Student: 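Following this message is one structure expressed as structure tokens.
Owing to the predicted nature of the structure, the values given are computational and were not obtained by experimental measurement.
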Amino acid sequence: MAMRLRIYRNIIKQGFQGMWRNRSMGLASVSSISAVLLILGVVLILILTINNIVLETKTKFDEIQIYLEDDMTNDDLDRIEDSIREMEGVLSLVFISKEQGLEIMKEGWEEEAYLLEGLEENPLQDSYIIQLVDIKYAEGIVSNLRFMEGIEDVKYYQDIIDKLMLVANYIRFGGIFIIGALMLVSIFIISNTIKVTVTARRREINIMKYVGATNGYIRGPFIIEGILFGLIGAAISIVVIKFGYEYFFKSVNDRLYLLFTVYLVAPSLLIKDIAIIFTAIGVGIGGVGSLVSLKRFLNV
Amino acid sequence: MAMRLRIYRNIIKQGFQGMWRNRSMGLASVSSISAVLLILGVVLILILTINNIVLETKTKFDEIQIYLEDDMTNDDLDRIEDSIREMEGVLSLVFISKEQGLEIMKEGWEEEAYLLEGLEENPLQDSYIIQLVDIKYAEGIVSNLRFMEGIEDVKYYQDIIDKLMLVANYIRFGGIFIIGALMLVSIFIISNTIKVTVTARRREINIMKYVGATNGYIRGPFIIEGILFGLIGAAISIVVIKFGYEYFFKSVNDRLYLLFTVYLVAPSLLIKDIAIIFTAIGVGIGGVGSLVSLKRFLNV
Amino acid sequence: MIELQSVDKEYDNNVRALINVNLNIHKGEFVFLVGSSGAGKSTLIKLLLKEEEPTSGRIILNNMDITRVKNRRIPYIRRNIGVVFQDFRLLPNKTVYENVAFAMEIIGAHPKEIRRKVPMVLSMVDLSRRASSFPDQLSGGERQRVSIARAIVNSPPVLIADEPTGNLDPETAWEIMKVLSDINGRGTTVLMATHAKDIVNSMKKRVVEIHEGRLIRDEQKGGYGNEITNI
Amino acid sequence: MIELQSVDKEYDNNVRALINVNLNIHKGEFVFLVGSSGAGKSTLIKLLLKEEEPTSGRIILNNMDITRVKNRRIPYIRRNIGVVFQDFRLLPNKTVYENVAFAMEIIGAHPKEIRRKVPMVLSMVDLSRRASSFPDQLSGGERQRVSIARAIVNSPPVLIADEPTGNLDPETAWEIMKVLSDINGRGTTVLMATHAKDIVNSMKKRVVEIHEGRLIRDEQKGGYGNEITNI
Ligand SMILES: Nc1ncnc2c1ncn2[C@@H]1O[C@H](COP(=O)(O)OP(=O)(O)OP(=O)(O)O)[C@@H](O)[C@H]1O
Ligand SMILES: Nc1ncnc2c1ncn2[C@@H]1O[C@H](COP(=O)(O)OP(=O)(O)OP(=O)(O)O)[C@@H](O)[C@H]1O
Ligand SMILES: [Mg+2]
Ligand SMILES: [Mg+2]
């Protein structure tokens, strides 16, 4: 038992030592790993941002308008209001009288507003605007509303929403595909880098084998080295992305809001996820890459 | 002279031989180079596509509408029409009489169209819609039109266009920045890969120096090897991107048109540019990378 | 202890390095392996270490047919054999001390034991002053002695030395021979491939000669060989 | 031809490998460089090749102070010296033939000349049969002979050999010595570091002995040294 412990201690010691003594090769590995993860991070943020813009834009159209029949009593209104509020997915409810409706219309028409002056009576109806918690509740609520008493018409922006949903889906699937592919490529490059550094030391591995070291004993320090390289590489890329994105966020966020009334994903949230993903990739590929690369040199 | 030629021949021969005899390391280099360029390609296409969508969308709003004064003679119309056609940047001109205008309005208003039935007389004016060759001509034309006789009002979608122009600019600058950064990172990774493979052969380089080879003689084959690696790596990534993008184009282009009435950049155009860029990067970094990496081992 | 039964070795490029070699070395023997350059001495040693596989024949080490052994077991076979390699095979990223200690670490030796034995063997090969040098900071003979120190540090039951004095001056060579002799005296079986005529002639040990892959002589208390050499 | 004027060499780790060495070798001489392991023989050779720089002193080769020479000129100095390295230094990715041819290619020799001379020197060191082998397919002695072949193929005015017979059996060693002797007879200056007592004693050439970095003996027609060796 004590012997096993000693062997493990030795392996760890040699892992750190090996990293230090091969630092010139190591530097190349580490910087390649950081660079690849950096690319991954930028693309990840890019896709998340686009996705966010589309999803946020969609919520702008996330409302249902219902037109009421004429001559409703306040009791009728209360009844309708209550039963709508009870429905699942309703966020808020705003009453708009037909007078308010005409005012809004006039504002919206801007220069053509004078056309409305020619009207003899207000042709509009009282209405409610329902804000939804999420677009997914829309269909359920709309079909319920259609059967309610006192409601003449139900309108919501099915077209635009459907279109935006489609775009969002494309972006989501495309994004997942691109990020997935990119992750594979990154993993490939990182494991390639590890492989080259291991290959450069094949003679060393052979010598260890010839003096009687077991595969496990040889692997150990290499895996630790690989993990350390991965860890350092990941750490560097995380730090760069953190500061890079925070800077980007500061300088772009407000302008973006003016344009799309959409905000960027907050750095704190994003960075945490990226840190977890990158550390996993760095450490995982560093370790597993070393393991796999070693395999073909251990058979001597 | 004959001696110089022989030396050059030898260097080239040894470059090819070296590539073949170091093929296991070479494979790692080549595949890393392809992988990095692949990422670069995907991001390039992504950004170009987004840019394209925005620019195309913008052209949808690329028109100027002018409203004519009442009671114009056909001569007047011809005169106006002619002088507009003579302006720089005008693509087409369509006359819309006030009756047609009302019809269009009714169609656009859909359910609210009945409101227009209440009108006693047609309050609209005859108008022209001017399609522009490019949005950049808009301001010039608009200011010209404002001083023309017989024209009561000039309208164009300044707001939307300005917004879209802004977005397009952001995307263009952001895109150039991202692609520039990505290119730097790619170059870094590729030269890193080359560096590691050169480092793995430092002993060989030293030996050559010790038997009296000049720096030039040693560099030659390494640079040729580097260029060949870069070339092969670039070729692989170009082929993958070509077929990948053609497939993507086929399966997405029509759907994209339905959504945004925008087409993707045609593969033939895109691939040619990418091929040129990638070959330049691959060959350049392969060669220069080898040269730079060699430098520190040649001083023995 | 070591037995080769009609062993053949043909390399990939059709070089027949060993042809029908039969050899039996008993526990505690000291055997010189001689033969001209390229005769097949190192090949024979590589077969014992499972660095190469014989094309045919059987190799028995410690009553075990090592040609049939599982891959997983190879390291444990190698640990019973201390080897001085003709090309030294030192780990370039480890100091002299660490190279020798490495052989002890892999078998899980106690750190105290390592700290006691490594300096001891280094002083036996007269390298105490170079303990913290890296291999590429050593002279040829110093490297060779590190390889010797590493081979003997675990007091293995079998010691194989491939030309262990090729880079040593005669005086140092004799000191090394004394070390090997002592180890042999304590029961270790020693097989030494060598070109050192003087040493073979003076030591009067068993001599096995290989010529172009064939075992052509196996003499107790033999000499280096017939004197064809003229000045 | 070769002159060292109060040369000192101290390595980074404070090892003083050479201390105030003065040596003058004339054109056409044959000089043995002897001394125990770690004495500083290879260091002296490395200085002549500009593989290492002296800490102080001057080294003159062919009337040129090579410690002052520009980096660009180094390859041309090296081309005038054929070197057999103690650790061979063969190019691992080139065959035996290509390794030897390489030395001719770098000086721009005519292909016809290469095709004529390479087989010739390979047969001189008895390696014709191994021409298409790679270094790691060779025995120790074969590698050493490739290194010798490469050193002599360009018929350099100076030949430096660092322990060129360490891995060779006495018979082959004598053949190599005959080759070196012949080359020397044709006017090449030869400097050979060696531990081969028999060879030094029989050849009756100038012997220079280094001991712990100091030049302690310089004899015409000398022997290997005082016989302390007992069996
Ligand atoms: N890996 C290999 N592949 C092909 N041929 C080889 C290989 N190793 C050795 N040989 C050949 O096998 C023969 C025997 O080689 P070996 O190394 O056993 O000789 P040796 O007796 O040790 O010689 P030396 O005294 O020079 O070290 C040689 O001719 C050599 O060229
Ligand atoms: N690169 C180096 N860095 C530090 N010390 C070195 C270096 N090379 C050699 N030495 C030391 O310098 C001394 C002389 O070494 P050198 O190689 O010249 O000896 P040598 O006479 O050739 O010995 P051998 O006969 O064993 O080859 C040795 O003690 C060695 O440890
Ligand atoms: Mg051998
Ligand atoms: Mg030496």
Student: With a 6.0 Å cut-off (strictly less than), is the heavy-atom count around CD of D:E53, excluding the residue itself, greater than 12?
Tutor: yes
Student: For C:D198, is it the side chain, the backbone, both, or neither that has a heavy atom closer than 4.5 Å to a heavy atom of chain D?
Tutor: side chain
Student: Heavy-atom pairs under 4.5 Å with chain C are the metric here; pick the option from D:A17, D:G35, D:G38 that has the most.
Tutor: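 If we count pairs closer than 4.5 Å to chain C, D:G38 comes out on top.
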Student: For chain C, find its close neighbours in residues 158-167 of chain D: heavy-atom separation under 4.5 Å, sorted by number, or none.
Tutor: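 D:E163, D:G166, D:N167 fall under the 4.5 Å cut-off.
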Student: By number, which residues in residues 136-150 of chain D have some heavy atom less than 4.5 Å away from chain C?
Tutor: D:Q137, D:S139, D:G140, D:G141, D:E142, D:R143, D:R145
Student: Chain D: which of C:D12, C:I199, C:V15, C:D87 shares the most heavy-atom pairs with it under 4.5 Å?
Tutor: C:V15
Student: So, does C:D169 use its side chain to make a donor-acceptor pair with the main chain of D:S37 at under 3.5 Å?
Tutor: yes
Student: What part of C:S36 gets closer than 4.5 Å to chain D, counting heavy atoms only: side chain, backbone, both or neither?
Tutor: both
Student: Chain D heavy atoms under 4.5 Å from C:S133: which part of the residue, side chain, backbone, both or neither?
Tutor: side chain
Student: Side chain, backbone, both or neither: which part of C:R129 has a heavy atom under 4.5 Å from chain D?
Tutor: neither
Student: Need one label for C:V34: side chain, backbone, both or neither, based on atoms under 4.5 Å from any heavy atom in chain D.
Tutor: neither
Student: Hey, is CZ on C:R206 packed in by over 12 heavy atoms from elsewhere, all under 6.0 Å?
Tutor: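 Enclosed.
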Student: Would you compute the distance between atom NZ of C:K197 and atom NZ of D:K197 and round it to the nearest 0.5 angstrom?
Tutor: 10.5 Å
